[in-house]
There are 2 protein chains.
Amino acid sequence: MLTERQRMILNAIVDDYIRSAEPVGSRSISKRGDVGYSPATIRNEMADLEELGFLEQPHTSAGRIPSHKGYRYYVDHLVSLNSIKPSEIQVIKSFLTEKLNAMEQVIQHAGTVLSQMTSYTSILLGPEVFNTSLRHFQLLPLNENRAVAIIVTSTGQVENKPVSIPAGVSMSDLEKVVNILNSKLVGVPLYKLKSRLYSEIAQEMQKNVSHYEEMLQLLDATLDSEQRDQKVFLSGTTNMLTQPEFKDIDKVKDILDLLEETPTLLKMMSESSKSSGIQVRIGTENTHEAIANCSLITATYSLDGEAVGTIGILGPTRMEYARVISILDIISKNMSTILSRFV
Amino acid sequence: MLTERQRMILNAIVDDYIRSAEPVGSRSISKRGDVGYSPATIRNEMADLEELGFLEQPHTSAGRIPSHKGYRYYVDHLVSLNSIKPSEIQVIKSFLTEKLNAMEQVIQHAGTVLSQMTSYTSILLGPEVFNTSLRHFQLLPLNENRAVAIIVTSTGQVENKPVSIPAGVSMSDLEKVVNILNSKLVGVPLYKLKSRLYSEIAQEMQKNVSHYEEMLQLLDATLDSEQRDQKVFLSGTTNMLTQPEFKDIDKVKDILDLLEETPTLLKMMSESSKSSGIQVRIGTENTHEAIANCSLITATYSLDGEAVGTIGILGPTRMEYARVISILDIISKNMSTILSRFV
DNA sequence: GTTAGCACTCAACTCATGCGAGTGCTAACG
DNA sequence: CGTTAGCACTCGCATGAGTTGAGTGCTAAC
């Protein structure tokens, strides 16, 4: 519904504002080579664009800045993604191809690369449990009352959880249980563990193990995949402090506080992970007030062709969308490739 | 070397400044009940204290603020530690007595309590390896090339490390090695593992295991206690942003950047862990420039009577020393008590 | 030794002023 | 009719002068 000229001008304004963080005036647009009109003409168009809701004016006699709607249009229709140099792609690849031999290492490393290349904050979610299965289970007694339950997944992740041993349970009971679980549950996807516990293991345990009830309860708690915490990796949080729009310490504090709340982050990130591909949530499209002036761009990485984790970049709404989207795309694809080695 | 009256006045100034963060004038000191002198007298003493280096003046016609030397004297001679209410002690105890069944949980929890009660940033170091011994060792192959090495310590900590399996090594080789290690090394302190590997295990392996050389190399890397990273737990980093002296975003960025550098933190914290008891490092006594306006107060917690870890509070030099020292003392002692359950 | 009094200092606040970047509108131009 | 030059107008911001007030240092008196 915008004319070609309006699109050109909107594009120029967004580009300029992303670079300078200052309201953009008609003169400076006119002086750019790519729009061959006088300031007056551009002023007319800018007035129209403001009326349509794509631009805002901080005050009369200041230039225009893009509104959220303006950014949205820019991202959806105008942004050109070829802005990233081949040499930079090479850098990313070389950083991620380094020999990294655990999933967590890969993810953490990807986060560092992301935040360093963009100068924004990166938020990465570890892989979800859907595609990983049990590789090994172990219950190691530490003393009479306490033990560590260890779960090793097919991707080489090790999770451990301290548990209390119910009174009266003997070492040999524990051993029996561990053997039963390993013989029956290895190879089972993690999220199915708990239901299998009841459908297959319970009977067997009832036959062979004393204190059946208590042990079952213990295992139930141990295998609970809800509690199995999806890890959140942050990198470059202090980059927020360098953005001119966050020179106000109170705003930045709200953002940093939000970043420390793992559950909130998890929710925020997984909201956007449902549909695949790259997602851009601009300003108030994010539900949290603290980041009303931020944009969150997310992508997913996959394992075996299925999206299992989310990586994202948080920055000001005035964000280098083209660059960030490109980098996010490259990194997510590279991660998928590298992680496939671990299956 | 200070007269009693000078000490009184210095004490009053430091107390006032800690509360208000504003330079303290002679009049306000005089009006406090505890110093029965007129502003003029106090001004004279203040001039002397400044000459002696205990006070500073931001500019003529402003009040005085304590110098680093002034804080130092305050901490060493003046601070009264009974400032903490019994009810608060009860709060701490109840928070730390909650059933926590892993060392890491205890430490993390203690950090949260510390930062919340003080409104500063807490930095806690996990226990050093000296006092913990091997509980169990395991090598779990994931596929032909890769495996996870799992080390469980006597305190219930689980560490894991991905390793590559040398070409040609068979599953049964791995099993043999694991058995040898478990039979010979369980109960050995972690820091001795590596030397024992060569003194006791090497021979045995040479007899029974093929690909002896490669396996030894693999184990050497796995058991390396240097690489075993001592974990750093941070809590309340954003509390820094609420301090009026750090309203300047650049200063605070340097501090937050420092807090993200785990190795630097480790070094910083362990410097002070050598001598036991509570240590206060004021301003430039800290070697890092970023925290030249901060004070770091540290204490150690112990296991079996021996200091194994450090807990600390980082805040502005204008810190509530009395309160922080008291709280740190209580929490470190409580941690020692609780952690003793895990040995 | 202590204190009242007073002149002095200096950051911080307020207010008027001018500047300049930028706009909106109108009229003229091709 | 779309485009543009010209001009009056707006308003944030920087500058500088004037004022205030908290606080000092010094001197002289108690």
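Computed from a prediction, not measured in an experiment: that's the story for all the values here. Order of the sequence lines fixes the chain letters, A, B, ..., with proteins taken first and strands second; residue numbering starts at 1 for each chain.
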Rounded to whole Å, please give me the gap between [atom1] in [X] and [atom2] in [N].
{"X": "E51(B)", "N": "dT24(D)", "atom1": "CD", "atom2": "P", "value": "16 Å"}
{"X": "M46(B)", "N": "dG23(D)", "atom1": "CE", "atom2": "C1'", "value": "9 Å"}
{"X": "D16(B)", "N": "dG23(D)", "atom1": "CG", "atom2": "P", "value": "11 Å"}
{"X": "K31(B)", "N": "dG23(D)", "atom1": "NZ", "atom2": "C1'", "value": "13 Å"}
{"X": "D48(A)", "N": "dC25(C)", "atom1": "CG", "atom2": "P", "value": "11 Å"}
{"X": "Q57(B)", "N": "dC8(C)", "atom1": "CD", "atom2": "P", "value": "18 Å"}
{"X": "Q6(B)", "N": "dG1(C)", "atom1": "CD", "atom2": "P", "value": "13 Å"}
{"X": "L55(B)", "N": "dG25(D)", "atom1": "CG", "atom2": "P", "value": "11 Å"}

With a 3.5 Å limit on both atom pairs, tell me what [N] is paired to, counting Watson-Crick and G-U wobble, or say none.
{"N": "dG16(D)", "value": "dC15(C)"}
{"N": "dC30(D)", "value": "dG1(C)"}
{"N": "dT26(C)", "value": "dA5(D)"}

Review point. How many angstroms lie between CE in M8(B) and OG1 in T3(B), if you round to the nearest 0.5 Å?
Key: 10.0 Å
Review point. Backbone N or O of E320(A) within a donor-acceptor pair of the Y120(A) side chain at under 3.5 Å?
Key: yes
Exercise for review: Using atom types as modelled and distance alone, determine if a side-chain donor or acceptor of Q57(A) lies under 3.5 Å from a backbone N or O of I65(A).
Suggested key: no
State whether a side-chain donor-acceptor pair under 3.5 Å links [X] with [Y].
{"X": "S119(B)", "Y": "N239(B)", "answer": "no"}
{"X": "T238(B)", "Y": "D257(A)", "answer": "yes"}
{"X": "T237(A)", "Y": "E260(B)", "answer": "yes"}

What protein N or O atoms touch nucleotides 15-17 of chain C N or O atoms at under 3.5 angstrom, if any, and at what distances?
none

Review point. Any idea how Y73(B) and F54(B) line up, ring-wise: parallel (<30°), tilted (30 to 60°), or perpendicular (>60°)?
Key: perpendicular
Electrostatic pair [X]-[Y], nearest N-O below 4.0 angstrom:
{"X": "K251(A)", "Y": "E245(A)", "answer": "no"}
{"X": "R318(A)", "Y": "E22(A)", "answer": "no"}
{"X": "R64(A)", "Y": "E45(A)", "answer": "no"}

Review point. Going by heavy atoms in the side chains, are L256(B) and L259(B) under 4.5 Å from each other?
Key: yes
**Study point:** Closest listed nucleotide, where the reference is the side chain of H59(B) and the choices are dT23(C), dA11(C), dG25(D)
**Key:** dA11(C)
For nucleotides 2-5 of chain C, which of its nitrogen or oxygen atoms have a protein nitrogen or oxygen under 3.5 Å away, and what is each distance?
residue : atom : partner : partner atom : Å
dT2(C)  : OP1  : R5(B)   : NH1          : 2.8
dT2(C)  : OP2  : R5(B)   : NH1          : 2.8
dT2(C)  : OP2  : R5(B)   : NH2          : 3.0
dT3(C)  : OP2  : S38(B)  : N            : 3.2
dT3(C)  : OP2  : T41(B)  : OG1          : 2.6
dG5(C)  : O6   : R43(B)  : NH2          : 3.3

Check your understanding: Looking at T60(B), does any N or O in its side chain come under 4.0 Å of the phosphate oxygens OP1/OP2 on dC8(C)?
Key -> no
Study note, to complete from the structure: Protein-proximity profile, nucleotides 14-22 of chain D, B/S/- by nucleotide at the 4.0 Å heavy-atom cutoff, equals --------B
Review point. Looking only at heavy atoms, what is the nearest atom pair of S295(B) and I282(B), with distance?
Key: OG-CA, 3.5 Å
